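A, B, ... follow the sequence lines: proteins, then strands. Residue 1 opens every chain. Since we're looking at a predicted model, the values are computed, not measured.
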Protein chains: 2
Amino acid sequence: MTLSEEDYIKTIYHLSSGQEESISTNAIADQMATKPSSVTDMVKKLSEKNMVNYKKYKGVSLTEKGRLTALSIVRKHRLWEVFLVDKLDFAWDEVHEVAEQLEHIKSDKLIDKLDTYLGNPRVNPHGDPIPSKEGVFKKSVKKLISELPVGSKGVCVGVNDSSVAFLKFLDKNKISLGDSLRIIEREDFDGSVSIVINDREMRISDQIASNLFLEILENK
Amino acid sequence: MTLSEEDYIKTIYHLSSGQEESISTNAIADQMATKPSSVTDMVKKLSEKNMVNYKKYKGVSLTEKGRLTALSIVRKHRLWEVFLVDKLDFAWDEVHEVAEQLEHIKSDKLIDKLDTYLGNPRVNPHGDPIPSKEGVFKKSVKKLISELPVGSKGVCVGVNDSSVAFLKFLDKNKISLGDSLRIIEREDFDGSVSIVINDREMRISDQIASNLFLEILENK
DNA sequence: AATTTAATTTAGACAAAACTAAATATTTGT
DNA sequence: ACAAATATTTAGTTTTGTCTAAATTAAATT
């Protein structure tokens, strides 16, 4: 697989959100900042290699082989993201560009050892799941803390209400996007929730819980 | 700089061993497993970019700009080698291939943070010096332990006598190539030497000391 | 110093991956 | 259902880095 082929496979995977959807050449071209005619050329090549299903004018979808290839790239990308944030102290929103390069490094041994070194993480700093070597992984969903049952754990990935007041509250309480969070207890009376965030326990009101999105792994 | 350009710069640097020697296109072609005519093409391009001095039929040498570029690549290569051995537990002789890929990752921030994370190492697992960000570094030399003064420290990089008996001795005493070693004291009477290797102190005879090569940094 | 040999460069071609412009399908609106 | 608009593909170029074969220069030998 060339670098360029890998980029196409990854883009097709993301555009079809892991499903078997057929993706248009134009959608791929937009996403990759290239031209539709270039996409047609590459897609033919990938079809020759049995990485994608392609019928003229009918769009593209990944074959099983293509899907596994995509998952291996996603695995590498997300493991490197964990490395950059946990070990090298990058901020969670500055890792993408570098991980984009690192994901193309070819060495199974390297990825195995990196995985072990990082403690076999299940999610990247954004809360997205990391596929296993065999391409197995849990889907993740994004939900408000107020919608989740006691015991859930996940990563803060967004806010509903981005008012200055709310963001200030988060800042004051040292809650950042990318932080890991677990729900310990919920008070039925007022909907307030007790959480552990960065090994620190605190209680947040229902208003807060209804404005903070968590990315969690589905337990299927 | 493209990947290919970087490989040429690095090869020219290594063939001229950091000096201003003029290197023949054939030598470069041999080293890179490519054809002399390809080298001529690339060398012209690098000359346009002021990375090398090139006169037809007269060979190639790096300009100052080219030398600094080469040192930056060498720095990245050797820092990644330290990472692979110290953190990921690779053996010292299996890191080259992977480091060869990692050295092309483009991110100054990444390398700065990696350097810090590794504790600003001065040498790679082979005992080769790591240039600073500014391209400054000490030369290294390879000498027998018996030739070095008390106080010297370096990395074991080779043996003079590779007889089975000697290698068995090294194995039994847990001395491996790549190990760090410091000379504590020398007994004038028999030439035996007291050393610290992997935080363990031991005494070796003159025969041993005259058969084990150390790579040390020159203190100029 | 002339000739042979070896090294190096030039010229022309190729493959990968991209692009532009033109041609062809498909979808949409009436 | 048909014309117009949009999406997709084809054909023909371009760039980068490589190659082979031929031409040229430099080095070695006699």
J.: Find the distance A:I28:CD1 to C:dA18:P and express it as a whole number of Å.
T.: 12 Å
J.: Please enumerate all residues that pass side chain to side chain contact (heavy atoms under 4.5 Å, CB included) together with B:V157, with sequence neighbours excluded.
T.: B:K142, B:V155, B:F213, B:E215
J.: Identify whether any heavy atom of A:S4 sits under 4.0 Å from a base atom; if not, whether one sits that close to sugar-phosphate; answer base, sugar-phosphate or nothing.
T.: sugar-phosphate
J.: For residues 11-30 of chain A, which residue pairs pass the side-chain hydrogen bond (donor to acceptor under 3.5 Å, both in side chains) check, not counting sequence neighbours?
T.: none
J.: Enumerate the residue pairs fulfilling ring-ring contact (aromatic ring centres under 6.0 Å, His included) with a member in residues 55-89 of chain A, sequence neighbours excluded, ordered by first and then second residue.
T.: A:H77-A:H96, A:W80-A:F83, A:F83-B:F83
J.: Go through the structure and list residues passing salt bridge (Lys or Arg N to Asp or Glu O under 4.0 Å) with A:E134, not counting sequence neighbours.
T.: none
J.: Quick one: B:K35 NZ to D:dT16 C1', roughly how many Å, whole number?
T.: 19 Å
J.: For a quick check, with a 4.0 angstrom heavy-atom cut-off, what is the B/S/- contact string for nucleotides 8-13 of chain C, read 5' to 3'?
T.: BBB---
J.: For B:H126, enumerate each residue passing the ring-ring contact (aromatic ring centres under 6.0 Å, His included) test, keeping only those at least two apart in sequence or located in another chain.
T.: B:W92
J.: What is the distance, rounded to the nearest whole Å, between atom CE of B:M42 and atom P of D:dC19?
T.: 11 Å
J.: Roughly how many Å is it from CD in B:E5 to P in D:dT18, rounded to a whole number?
T.: 10 Å
J.: Rounded to whole angstrom units, what separation is found between the CD1 atom of B:I23 and the P atom of C:dA7?
T.: 16 Å
J.: Of the options A:E103, A:E5, A:H104, which is the one that meets A:K10 in a side chain to side chain donor-acceptor pair (under 3.5 Å)?
T.: A:E103
